[in-house]
Amino acid sequence: MDISSTKTVTNSALKQALLMVDLTESNTPDHAVRLLLNEVLQGLAEKGWPQAQLQTGPRIVSAEENYGLLGYDPAEVTLGSEHTRWVDECSLLRTQTTSQIPAALQRAAQARQPGQTILLAAPGITFRRDSRDRWHCAEPHQMDIWVLGDPELATHEHLLRLVGDILKSAVPEKAWVYSDSPHHYTEGGIEVNVLNDNAPVEVLECGRIARSLLEHLNIDPLRHGGLALGMGLDRLTMLRKGIPDIRLVRDQNTRVQAQMHDLNPWTAVSRLPSIARDISLAVTPGLSEEVLTERMLLAAGDSSDWIEEMQIKCRWDFLDLPSQAIERLGMLPGQENVLLRVVLRDCSRSITTAEANALYADIQAAMHEGAPGAGYRMDLPMV
């Protein structure tokens, strides 16, 4: 795989990723994310599925483990720096707990006897370059559940039964819907959304284990078949408890933490006012929302947790702007003007106007790629 054009993480960012607490791991007391995954696995066993065989693995994996063995085309955008935090040209911070599955699936196929069913569960923290809003973060927790049995197990009916049994345990009072969603390593893939106040929230994707994947792993598809499923544990925990913002899952405020060691309904902690501001930048054309978000979070440093949401409002090409705007922005030929709406809100205290002004100025200065010293001033009154 040629990833020469991708950007590797810095040593400090890598160290931070490796030190981040994995909320799926056992602790004293356990986090709500861990409690929910335990309920899911226990619920599956009570509904007749096999006892889960837990799979754990390192946070740094090879590109082959994370992508190649699962059937990804090296040319796909997923392999680029848009979404992946590369450590070097051959390894990365895992983007999915599915990276633990191929080797586990091979071991299960070697051990499985005819008529036997094996359930593999791989929970853990993953690392992405992602957008920022109340449902998205860059270090989500996931759990893969793969069920290997005789080929007759691989049916749509069994797949829907697995989904239904999981959601009965995770979010017992929520309705859910599904739609077709092709995957690299499944056949008949679907995306499942839980209805939260009648709004769909994606919580998992799944499908029948693809014959092509079994053959790629030297597993005989005439003897083995099954189901593959990956779920977002943070979102399911939020939906179960009624947590309004994914940042609260890790928030260290004592009032928040007191509610993160059970699956009881969330009691609202004072929702402090937000501050919103538009930042106009001259940048390289075509930067994705994920890349811009990552650059913004790096620029914010220790204050990155204040950023509740970032969205791209508009983009303008160099040739579409009047000369006065180009001059004020300090745009250089070939660049584009991107307008970002950045919303700040701390979960624990009010952000002062001076603090917000300083953070917006830091973000603008760090992300501006035009002429040095140019760009719109960020010390104007708040919107």
(request) Please report the C-alpha distance between Ile190 and Glu205 in whole Å, then the side-chain angles of each, then the deciding distance to 0.1 Å, and finally whether the side-chain contact (heavy atoms from CB on, under 4.5 Å) criterion is met. (result) CA-CA 6 Å; Ile190 60 174; Glu205 291 189 321; over 6 Å; no
(message) side-chain contact (heavy atoms from CB on, under 4.5 Å), that's the test. Do Trp316 and Cys314 meet it? Break it down for me.
(response) CA-CA 7 Å; Trp316 294 275; Cys314 297; 3.3 Å; yes
(request) Determine, step by step, whether Leu119 and Ile145 satisfy the side-chain contact (heavy atoms from CB on, under 4.5 Å) criterion, reporting the C-alpha distance in whole Å, the side-chain angles of both residues, the deciding distance to 0.1 Å, and the verdict. (result) CA-CA 7 Å; Leu119 189 149; Ile145 291 181; 4.0 Å; yes
(request) Apply side chain to side chain donor-acceptor pair (under 3.5 Å) to Thr126 and Gln96, showing your working. (result) CA-CA 6 Å; Thr126 61; Gln96 52 189 349; over 6 Å; no
(request) Apply salt bridge (charged side-chain N to carboxylate O under 4.0 Å, His left out) to Arg341 and Asp278, showing your working. (result) CA-CA 4 Å; Arg341 168 54 61 102; Asp278 292 342; 2.4 Å; yes
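Note that the SG atom of Cys206 and the CG atom of Leu229 stand 4.5 Å from one another [nearest 0.5 Å]. Rounding to the nearest 0.5 angstrom, the gap separating the CG atom in Leu105 from the CD atom in Gln100 is 13.0 Å. Here the CD atom belonging to Glu294 is positioned 11.0 Å from the CE atom belonging to Met310, to the nearest 0.5 angstrom. Going from atom OG1 of Thr98 over to atom NE2 of His183 covers 9.5 Å, rounded to the nearest 0.5 Å. One distance of note links CG of Leu153 with CD1 of Ile118; it measures 11.5 Å at 0.5 Å rounding. Ile60 contributes atom CD1, which lies 12.0 Å from atom OG of Ser99 (distance to the nearest 0.5 angstrom).
In this structure a side-chain-to-backbone donor-acceptor pair under 3.5 Å is missing from Asp251 to Val256. Between the side chain of Lys47 and the backbone N or O of Leu162, no donor-acceptor pair lies under 3.5 Å. Without hydrogens or angle criteria, Arg240 side chain to Ala170 main chain gives a donor-acceptor distance under 3.5 Å. Between the Arg94 side chain and the Gly57 main chain, a donor and an acceptor come within less than 3.5 Å of each other. Under the 3.5 Å distance criterion, the side-chain polar atoms of Arg34 are matched with a main-chain donor or acceptor of Thr24. Checked by atom type and distance alone, the side chain of His141 never pairs as donor or acceptor with a backbone atom of Val33 at under 3.5 Å. Here the side chain of Gln55 pairs no donor or acceptor atom with the backbone of Ala121 at under 3.5 angstrom. Judged purely by atom type and a 3.5 angstrom limit, Arg295 has no side-chain atom pairing as donor or acceptor with the backbone of Met367. Of the possible donor and acceptor atoms, one in the side chain of Thr237 sits under 3.5 Å from a partner among the backbone N and O of Leu233. The closest donor-acceptor contact from the side chain of Arg208 to the backbone of Leu159 lies at 3.5 Å or more, if one exists at all.
Of all heavy-atom pairs between Ala282 and Gln335, the closest is CB-OE1, 3.6 Å. Taking both residues in full, the closest heavy atoms of Thr97 and Pro123 are given as CG2-C, 3.9 Å, listed atom of the first, atom of the second, then distance. Cys90 and Asp88 get closest at one heavy-atom pair: N-OD1, 2.8 Å. Asp262 approaches Leu35 most closely through the heavy-atom pair CA-CD1, 3.6 Å. The heavy-atom pair separating Asn27 from Asp30 by the smallest distance is N-OD1, 2.6 Å. The two residues Ser280 and Asn337 have their closest heavy-atom pair at OG-ND2, 2.9 Å.
Follow the hydrophobic side-chain contacts under 4.5 Å out from Trp135 and you reach Val194 in the same cluster. Note: the hydrophobic cluster containing Ile275 also contains Ile307 (ILVMFWY, side chain heavy atoms under 4.5 Å, direct or indirect links). Both Met260 and Val21 belong to a single network of hydrophobic side chains, linked directly or stepwise wherever heavy atoms of I, L, V, M, F, W or Y lie under 4.5 Å apart. Leu36 is connected to Ile246 through a chain of hydrophobic side-chain contacts under 4.5 Å among Ile, Leu, Val, Met, Phe, Trp and Tyr, so both are in one cluster. Hydrophobic clustering (ILVMFWY, side-chain heavy atoms < 4.5 Å, transitive): Ile166 and Leu263 are in one cluster.
Remark: Asp320 CG is packed, more than 12 non-hydrogen atoms of other residues, nucleotides or ligands lying under 6.0 Å away. A 6.0 Å sphere centred on CD of Gln16 holds no more than 12 heavy atoms belonging to other residues, nucleotides or ligands.
Residues Ser91 and Trp86 fail the side-chain proximity criterion, which asks for heavy atoms closer than 4.5 Å. Residues Pro265 and Lys241 fail the side-chain proximity criterion, which asks for heavy atoms closer than 4.5 Å. The closest side-chain heavy-atom distance from Leu339 to Ile312 is not below 4.5 Å. Residues Asp150 and His224 form no side-chain contact, since every pair of their non-hydrogen atoms from C-beta on lies 4.5 Å or further apart. The side-chain heavy atoms of Pro140 and Asp234, taken from C-beta on, include a pair separated by under 4.5 Å. Put simply, the side chain of Leu340 does not reach to within 4.5 Å of the side chain of Lys313, judged on heavy atoms. Counting only heavy atoms from C-beta outward, the side chains of Tyr360 and Leu344 approach each other to under 4.5 Å. Side-chain contact between Tyr178 and Asn193: absent, with no pair of heavy atoms (C-beta onward) separated by less than 4.5 Å.
For the residue pair Gln110 and Gln106, no side-chain donor N or O sits within less than 3.5 Å of a side-chain acceptor on the partner. A donor and an acceptor atom, one from each side chain of Lys174 and Asn196, are located under 3.5 Å apart. A donor atom on one side chain and an acceptor atom on the other are found under 3.5 Å apart for Thr352 and Glu355. For the 3.5 Å distance criterion, the side chains of His136 and Arg235 qualify, holding a donor opposite an acceptor. Side-chain contact of Gln311 with Glu309: a donor-acceptor pair under 3.5 Å is present, judged by distance alone. With 3.5 Å as the limit, one finds a donor-acceptor pair spanning the side chains of Ser62 and Glu65. Donor-acceptor pairing under 3.5 Å is recorded for the side chains of Thr95 and Asn66. Judged by distance alone, the side chains of Glu39 and Ser169 never bring a donor and an acceptor atom under 3.5 Å apart. Judged by distance alone, the side chains of Thr84 and Tyr67 do bring a donor and an acceptor atom under 3.5 Å apart. In this structure, a donor-acceptor pair under 3.5 Å is present between the side chains of Thr284 and Glu369.
Only one option out of Leu167, Leu204, Val40 pairs with Leu236 in a side-chain contact (heavy atoms from CB on, under 4.5 Å); it is Leu167.
In this structure, Arg247 pairs ionically with Glu308, as a charged nitrogen and a carboxylate oxygen lie closer than 4.0 Å. Electrostatic pairing of Arg85 and Glu139 counts as a salt bridge here, judged by a charged N lying under 4.0 Å from a carboxylate O. Between Arg161 and Glu157 there is no salt bridge, since no side-chain nitrogen of the basic residue lies less than 4.0 Å from a carboxylate oxygen of the acidic one.
The aromatic rings of His261 and His31 sit perpendicular, their planes meeting at an angle over 60°, well past the 30° parallel limit.
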